[in-house]
Structures are given as C-alpha cells and as structure tokens.
Number of protein chains: 2
Amino acid sequence: MNTKPLLDYISKYITLTDEEEVFFISKLTYRKYLKGQYIVQQGDICDKTSFLISGCSKTFYVDDKGQEHIVLFAIEDWWVSDIGSFITQTPADYNVQCIENTEFIQFSYQDQELLLDKIPKLERLFRKMIEKALVSTQKRIVRGFSLNAKEQYLYFKQHYPTIEQRVPQYMIASYLGITKEFLSKIKSQILLEQ
Amino acid sequence: MNTKPLLDYISKYITLTDEEEVFFISKLTYRKYLKGQYIVQQGDICDKTSFLISGCSKTFYVDDKGQEHIVLFAIEDWWVSDIGSFITQTPADYNVQCIENTEFIQFSYQDQELLLDKIPKLERLFRKMIEKALVSTQKRIVRGFSLNAKEQYLYFKQHYPTIEQRVPQYMIASYLGITKEFLSKIKSQILLEQ
DNA sequence: AATAAATGTTAATCTAGATTAACATGATTT
DNA sequence: AAATCATGTTAATCTAGATTAACATTTATT
C-alpha cells in the first residue's frame, strides 16, 4: 500500500509521532476500483471515508426523475464520502462512482472512532478536512449565484483543467447544472469569440 | 453575560473541566445587535464566530445585479459566520444581518486559536459544529435537486415553523430562490388545495 | 475493417419561473 | 386620521435554459 500521498497530505495539518503513524497506517486499507464501480450508493450507509490516490470519481445525486446531478469530481489528493451519511450512519443522499480505474486509501467509521480515541490530534486534521469541504461548497454556491452558465464553465475549465480533459462533456454539463446540448452551445460560442 | 445556552450546547459534544470552562468563558464576548445591523459584511474579513442567544439573523449573498440570495436564517442556538472568511481570514462572500434585535456570544479568530491551544478537546467541538453545517448545506442542495419550489416551501414551513412566522415573506422567497410574487402564488395554491 | 455504443452537435420548440406594472392591504410615523 | 412605507397580490408578458429529435462523430467491440 502506497501511503505516501496520504501521509504527505496529513503532514500539512498535523505532525504524528512514529508510533502514532504506525497505528494510523494499521487502520488504513487500500482498494482499487474499476471504472464504473461505486464507492457509495445513495440509500446505503456510507461506512468509509476514502482518500483518492489515482484515478477520478464523481459524486452525484439522482432525483426522482432519474436525473443525475454531479456535485463533485475528485482526483488525486481529494477525500470522498457522503459526509452526512458517514457522520450520522444514516442512508446516503449521494453516490460516488469511479469514472476511471481508481485507487483509494480508506478507513471505516469504526476505525475513525478508534483513531480519534488513540490520536486526539486527528480531531484537528478531520476538522480541517471538513472545513475545506464546507468552504468549497459555499464558494460553489456563490458561483451559482453570481455566474451564468458560461462563466461557470470558464471558471471550471480554468481551475480544473485536468478534470475538464479527463471527464466526458455530458458529465461536466451535469456538474454545471445544464444540459450537454447547452454546454455544447456555450463551447461553440466561446470558440467564435476567440 | 448569559452563557448558559452556549454551555448547554457545548455539553452535548464535550465535557469541560471547571478550569477549562472558566478559561473558555473568559474568551467570550456578549454583544447585542439592533434589527438591521450587520455581524458580517461581504468583502470584510469575518473575524468572529457568533452563537445566537436570542433574535434572528439572515445570511445572504448579494450578486452584481444587487439581488439578495438568502442561504440561512439563524435563530436561538445556531452559529453564524462566514466560515470560509473566518478560517482563511480572507474577504467574506456572505453578509450576516440581524432581522430582529439579536443577542450573540462571540469569540474572535485569535481567541479561537488560543482556545484550541489551551483546550485541545475544543477541536472536537469545532469539528462537530462544522460537520453539522456541512451536512445541512448538503441536505439543502439535495432538496434543491429533488423538490420543486412548492415542495421546498412546504419543507421549510414544516421544519422551521417559527422562522416562517417571524420573517417577512419576501425573505422566505429569497431563501427559496424564488420571487415573492411566485411564493405568493404558491401559498394561494396551497390554500385552495385544503 | 465493420458494427455497435457512447458522446457530441444543431436547430426547433417548450416551459418554469422571472419580470413588470398597477393595485391592495397593513403597519408606522407625523 | 392622513400620509408614508413595507409587504403582498394579481395578471400579462418575457426569457434563460430545457427538451426533443434527427443527425454526426468518435470510441469500443467483434
């Protein structure tokens, strides 16, 4: 198991002793998913939090009409889970599905409790992780208010150029809350402008 | 300063020793705002987190066209701040304004750091607070996907009956992301159905 | 290489909700 | 009790973006 990316990530927030690091690693599991596989399915209880090592995933909600709404793409160094479901151990609202073959390092809900018990300074790490998630959610809400579809697409393209390349266009449309047809229109418009 | 509501709130998540409690209280300040006053203004740096003791506030974003978008009403026992601005000490995206005379207990960014230093178990409290905020944000996003305007209004009315009574209708419309005219239409429709 | 499946494009049409404007009511202020 | 201000209502019109459908292209499978 290649724990380096995760340990590097963690070291930005807290410093573990050797002993703590060993215990921490002992609670981690490595898992490889194939393209199309689900890490979380809406309705299930999300029993693990996953740190993405390689690949790409999408987090999305399917409404009554079967419409998919993507809320997040994750790539290297991102955490994924349905946080609401994980925290309260109730059914998940969201799905997380791999859109490439994807590797994760994961820990279970129970092991998170053990980890927090044994290494209280992880509280700080988890706080920081959740803060980051909350901030990016709130920033995205603000973009939804202040930018039109085209501006949101340009923002996405500029800030996540890798994702824009890796992910099919209809998924980007779903992420932006527009149809693929409309995104297509936007893209041709942008081309004309240049 | 009436710290009881806050201490009661905290005791749901952690237990402070007497000494810790004294130190904690020493870093709190009490402040009364008049109706219309701002706790946070977008563009300012949000330097404090506020726990609402009595009254009511709205958190909202004003777009380029001057349009107000309410994202949260807060009443007794809720925390308010622009979390992104508070954490990163960068300009706030949101405004928080009192819609009644309102009392808060507050602590500053600097004192939060002091508090976390002296009482590490507060990490857990703050983690839990932010988890709650993130979960309710994500739940609200799901409602946005799965419910139409009328269903969202009914959800709001059912879950926050107090707020529905206290707050002018045009603010509820803004919270629901619709015009007051349309909310009015919805309400008359609901009346007809009964 | 041929076929099938997935994804993208174009263009016509549709619709939920927004906008506008004129009037109504209820609450404050003088 | 007028006058003013805040909020609500009704109804006509407008529009951003959605939907549909037919076709095009790219990618995966045989």
Side-chain angles (χ1 to χ4, degrees), chain A residues 34-37 56 58 60-70 73 97-101 143-157 163-194, chain B residues 34-37 56 58 60-70 73 97-101 143-157 163-194:
Chain A
L34 297 175
K35 177 176 173 172
Q37 285 190 299
C56 187
K58 61 174 177 175
F60 63 102
Y61 173 75
V62 180
D63 67 25
D64 339 313
K65 287 161 210 140
Q67 192 69 37
E68 205 177 291
H69 305 272
I70 296 178
F73 294 110
Q97 188 181 20
C98 297
I99 51 189
E100 302 174 4
N101 293 343
R143 291 199 299 279
F145 291 144
S146 56
L147 306 181
N148 64 23
K150 183 168 153 193
E151 292 165 330
Q152 276 186 269
Y153 170 66
L154 287 169
Y155 181 94
F156 177 75
K157 197 177 146 100
I163 297 176
E164 215 265 326
Q165 297 307 325
R166 274 161 97 159
V167 160
Q169 192 166 323
Y170 77 100
M171 287 190 195
I172 295 171
S174 164
Y175 176 83
L176 297 174
I178 61 178
T179 60
K180 59 186 164 46
E181 289 82 356
F182 189 51
L183 175 55
S184 162
K185 222 179 254 174
I186 287 170
K187 288 179 80 169
S188 66
Q189 229 179 301
I190 291 169
L191 276 176
L192 283 175
E193 282 164 13
Q194 284 160 359
Chain B
L34 297 174
K35 177 177 173 170
Q37 284 188 301
C56 187
K58 61 173 176 175
F60 63 102
Y61 173 77
V62 180
D63 66 25
D64 339 312
K65 288 161 209 139
Q67 192 68 37
E68 206 177 291
H69 305 272
I70 296 177
F73 294 110
Q97 188 182 21
C98 297
I99 51 188
E100 301 174 4
N101 293 344
R143 291 200 299 278
F145 291 143
S146 55
L147 306 181
N148 64 24
K150 183 168 153 194
E151 291 165 332
Q152 277 186 269
Y153 170 67
L154 288 169
Y155 181 94
F156 178 74
K157 198 178 145 98
I163 298 177
E164 216 264 327
Q165 297 307 325
R166 273 161 99 160
V167 160
Q169 193 166 322
Y170 76 100
M171 287 191 197
I172 295 171
S174 164
Y175 176 83
L176 297 174
I178 61 178
T179 59
K180 57 185 166 43
E181 288 83 357
F182 188 51
L183 175 55
S184 162
K185 223 179 256 176
I186 286 169
K187 288 180 78 169
S188 65
Q189 229 179 300
I190 290 168
L191 276 176
L192 283 175
E193 282 164 15
Q194 286 159 356

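Just so you know, these numbers come straight off a predicted model, no measurement behind them. In the text below, chain A, chain B and the rest are named by the order of the sequence lines, each starting its count at 1.
- In this structure, A:Q189 places its CD atom 11 Å from P of D:dA16, rounding to the nearest Å.
- Between B:S184 and the phosphate of D:dT9, there is a side-chain N or O to OP1/OP2 separation shorter than 4.0 Å.
- In this structure, A:Y170 places its OH atom 8 Å from P of C:dG8, rounding to the nearest Å.
- Between A:Q169 and C:dT9, a side-chain N or O to OP1/OP2 separation shorter than 4.0 Å is present.
- The distance from the CG atom of B:L154 to the CD atom of B:E164 is 9.5 Å, given to the nearest 0.5 Å.
- With rounding to whole Å, A:E181 atom CD is found 12 Å from D:dA22 atom C1'.
- Separating the CD atom in A:Q152 from the CG atom in A:L183 is a distance of 11.5 Å, to the nearest 0.5 Å.
- Atom CD in B:E164 sits about 14 Å away from atom C1' in D:dG8, given to the nearest Å.
- Summary of the strand contacts: B:K185 and B:K35 both lie near DNA chain D, and taking for each the nucleotide with the nearest heavy atom, the more 5' one is attributed to B:K35.
- In this structure, CD of A:E100 is placed 12 Å from P of D:dA28, rounded to the nearest angstrom.
- In this structure, A:F145 and B:H69 have parallel ring planes: the angle between them is below the 30° cut-off, well short of the 60° mark.
- B:L147 has its CG atom 17 Å from the P atom of C:dA16, to the nearest Å.
- Protein atom CZ of B:R166 is 19 Å distant from nucleotide atom C1' of D:dT7, rounded to whole Å.
- In this structure the side chain of A:L176 never reaches within 4.5 angstrom of the side chain of A:F182, judged on heavy atoms.
- Rounded to whole Å, the distance from CZ on B:F182 to C1' on D:dC14 is 15 Å.
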